[in-house]
Amino acid sequence: MPTNVDSSPIYFINSDAETLVPNALSALATQWVETTGFAAKEGELCLVPALDGQCDAVLFGLGKQGSKTASPLLPGLLPVKLPAGRYHFANPEVLGDDPQSLFLATLAWHLGSYRFDRYKENAKPLPELDWPEGVDREDVLRQVKGSNLARDLINIPSNDMGPDELEAVTRGLVDTHGARLEVTTGDELLEKNFPMIHAVGRASPRAPRLLDFVWGKESHPKVTLVGKGVCFDTGGLNLKPGSSMALMKKDMGGAANVLGLASMIMSANLPVRLRVLIPAVENSVSGSAFRPGDVLQSHKGLTVEIGNTDAEGRLILADALSLADEEEPELLIDMATLTGAARVALGPDLPPFYSDDHELVHALAGESMRQWDPLWNMPLWDAYDAKLSSDIADVNHITTDGFAGSITAALFLRRFVSKAGSWAHFDIYGWAPAAQAARPKGGEAQGIRALYTLIRNRYDIGWS
């Protein structure tokens with residue numbers, strides 16, 4: 001898109017540049033910048049006024065060139081900091097020689113423009129960006145739309161995002177892209193051998209269900225996504241304290257991220273046969289709730305001793321993974337807000353992922369860096385598998401010592417995957433506790449931009 005004559009230029013400035021004032025600015029503007037004390041620190045903004053009071057130019061600090069703390073998503077702060085109006089990147093070459101740098105800056109702007117205003121008036125208009133030349137507009141918007149879908153689903157409170165509503169959103173996505181959806185609900189879960197999904201969700205008046213949709217040609221490589229859809233988690237009979245329950249609307253963040261990723265894959269028309277499985281439940285308390293010490297049958301046939309009803313996510317995932325595994329997909333991905341242990345180890349911004357496929361691990365790590373979509377590989381440490389042993393069942397779904405909780409959760413899930421070509425498990429947080437560049441506070445998409453790019457490149461659709 002050509003630069004609008006009414007748009008204001010945004011100049012990117014490194015703090016160690018020879019001059020912090022672009023040559024294009026007038027002597028009066030230069031004096032203004034020097035008077036403000038602008039030092040081009042990371043995220044620092046200087047608005048240069050015109051004589052009529054409008055914004056003549058914007059200087060945006062990138063910090064020291066090559067700084068380890070600098071993020072290519074830093075321009076995602078601009079929609080938050082700038083007044084309404086039109087803007088354009090005046091010197092994008094400062095961002096880097098790699099075209100990916102400009103792509104990420106543009107993506108960051110649009111990710112940073114996200115607002116969750118479903119329940120309140122948000123009268124403040126957002127600034128707009130003229131489209132930078134050479135950036136793939138469709139791909140940026142595709143990734144933003146998928147990410148924002150995940151954010152919206154997580155941000156909506158559980159009274160408006162239960163299993164029924166999650167099914168409705170899934171139906172809308174299916175209808176948009178011409179996929180085929182099958183839903184198994186309530187006691188039908190027992191008839192079709194999904195006993196753990198049923199057990200976790202049966203205490204709620206909102207019926208548990210398994211959402212299962214397929215898109216693409218059967219002749220294409222099979223890619224299957226499984227997302228944890230616990231629409232609210234009380235902890236069950238092992239009831240959570242109030243402080244731990246406050247954010248449990250986000251416990252369906254795995255499902256939200258999987259739907260966001262699926263929307264990217266389908267809108268890009270990637271040459272894969274996509275299957276998406278979402279066990280959607282509410283883990284509630286009633287006389288029919290499953291109990292600590294119960295032994296549950298699983299879809300795979302393994303019996304599972306229940307150590308704690310607050311570790312319900314891995315139970316519903318196990319049934320869904322068993323079903324997914326039966327058709328031997330080439331790539332099987334599951335995503336879940338699964339363990340607090342992952343947050344203790346790596347914090348909210350860096351989700352761990354697990355896989356025995358070293359080639360997949362290497363590729364994911366690379367895409368995570370290239371897309372600036374943080375992921376960290378953690379080990380499936382076989383020696384810890386024995387911690388899941390049970391005296392009365394094939395397996396206990398938790399350990400008794402509390403150590404390595406994210407690893408042992410992944411090891412439990414691995415028992416239900418044996419036929420897939422490659423499998424990876426993502427233990428995401430799905431939430432930004434504080435606003436950052438391109439990441440407003442609240443529900444967050446994690447790992448799906450890296451996964452989308454990996455799938456796009458892996459199946460060779462001719463993109464550069």
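A donor-acceptor contact under 3.5 angstrom links the side chains of Asp349 and Gln436, judged on distance only. At a cut-off of 3.5 Å, with distance as the only test, no side-chain donor of Thr234 or Asn283 sits close to an acceptor on the other residue. Side-chain atoms of Tyr459 and Glu330 include a donor-acceptor pair closer than 3.5 Å. Side-chain contact, Tyr452 with Arg142: a donor N or O sits under 3.5 Å from an acceptor N or O. In this structure, a donor-acceptor pair under 3.5 Å is absent between the side chains of Asp325 and Trp423. Looking only at atom types and distance, the side chain of Gln371 has no donor-acceptor partner in the side chain of Gln143 under 3.5 Å away.
Without hydrogens or angle criteria, Ser67 side chain to Gly63 main chain gives no donor-acceptor distance under 3.5 Å. Asp310 places no side-chain N or O within donor-acceptor distance of the main-chain N or O of Leu239, the cut-off being under 3.5 Å. Listed for the Asn14 side chain is no donor-acceptor partner under 3.5 Å among the backbone atoms of Asp16. The backbone N or O of Asp164 lies less than 3.5 Å from no partner atom in the side chain of Glu167, so there is not a single donor-acceptor pair. Side-chain atoms of Arg449 come within 3.5 Å of backbone atoms of Trp372 as a donor-acceptor pair (strictly under, hydrogens ignored). Of the possible donor and acceptor atoms, one in the side chain of Asp136 sits under 3.5 Å from a partner among the backbone N and O of Glu138. Of the possible donor and acceptor atoms, none in the side chain of Asn155 sits under 3.5 Å from a partner among the backbone N and O of Phe116. Panel note: side chain Ser368, backbone Leu364; no donor-acceptor pair is recorded below 3.5 Å. Although no hydrogens or angles enter the test, the distance criterion places no donor-acceptor pair under 3.5 Å between the side chain of Trp109 and the main chain of Ser113.
The NE2 atom of His362 lies 10.0 Å from the CD atom of Glu367; values are rounded to the nearest 0.5 Å. Expressed to the nearest 0.5 Å, how far CG of Leu375 lies from CG of Asp427 amounts to 11.5 Å. For the atom pair Leu413 CG and Leu317 CG, the distance stands at 5.5 Å (nearest 0.5 Å).
More than 12 heavy atoms of other residues, nucleotides or ligands sit less than 6.0 Å from atom CG of Leu141.
Here salt bridge (charged side-chain N to carboxylate O under 4.0 Å, His left out) pairs that include residues 266-282, with residues two or more places apart or in two chains, are Arg206-Glu282, Asp212-Arg275, Glu218-Arg273, Arg273-Glu327, Arg275-Glu327. Sequence neighbours left out, not one pair with a member in residues 60-81 passes salt bridge (charged side-chain N to carboxylate O under 4.0 Å, His left out). The ring-ring contact (aromatic ring centres under 6.0 Å, His included) analysis of residues 25-78, with sequence neighbours excluded, yields no pairs. Residue pairs meeting the side chain to side chain donor-acceptor pair (under 3.5 Å) criterion with at least one member in residues 46-56, sequence neighbours excluded, do not occur.
Among Arg86, His88, Glu128, the one residue that satisfies the side chain to side chain donor-acceptor pair (under 3.5 Å) test with Ser7 is His88.
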Result block: side-chain N/O donor-acceptor pairs under 3.5 angstrom for residues 222-230, not counting sequence neighbours:
| unit_1 | atom_1 | unit_2 | atom_2 | d |
| --- | --- | --- | --- | --- |
| Lys228 | NZ | Asp251 | OD1 | 2.9 |
| Lys228 | NZ | Asp251 | OD2 | 3.3 |
| Lys228 | NZ | Thr337 | O | 2.7 |

Which side-chain N or O atoms in residues 18-27 pair as donor and acceptor under 3.5 Å with protein atoms at least two apart or in another chain?
| unit_1 | atom_1 | unit_2 | atom_2 | d |
| --- | --- | --- | --- | --- |
| Thr19 | OG1 | Val21 | N | 3.2 |
| Thr19 | OG1 | Val21 | O | 3.3 |
| Ser26 | OG | Ala29 | N | 3.1 |

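Scored by the salt bridge (charged side-chain N to carboxylate O under 4.0 Å, His left out) test, Asp357 finds no partners at all (sequence neighbours excluded). With sequence neighbours left out, the salt bridge (charged side-chain N to carboxylate O under 4.0 Å, His left out) criterion links Asp98 to no other residue. Residues satisfying the ring-ring contact (aromatic ring centres under 6.0 Å, His included) test with Tyr87, not counting sequence neighbours, are none. For Glu44, the salt bridge (charged side-chain N to carboxylate O under 4.0 Å, His left out) test picks out no residue, with sequence neighbours left out. Partners of His397 under the ring-ring contact (aromatic ring centres under 6.0 Å, His included) rule, at least two apart in sequence or in another chain, do not exist in this structure. For Glu42, there are no salt bridge (charged side-chain N to carboxylate O under 4.0 Å, His left out) partners, not counting sequence neighbours.
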Problem set entry | Verdict with reasoning, Tyr354 to Ile407, per side chain to side chain contact (heavy atoms under 4.5 Å, CB included) | CA-CA 8 Å; Tyr354 299 83; Ile407 295 174; 3.7 Å; yes
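Aromatic rings from His220 and Trp215 are positioned such that their centres are separated by 6.0 Å or more.
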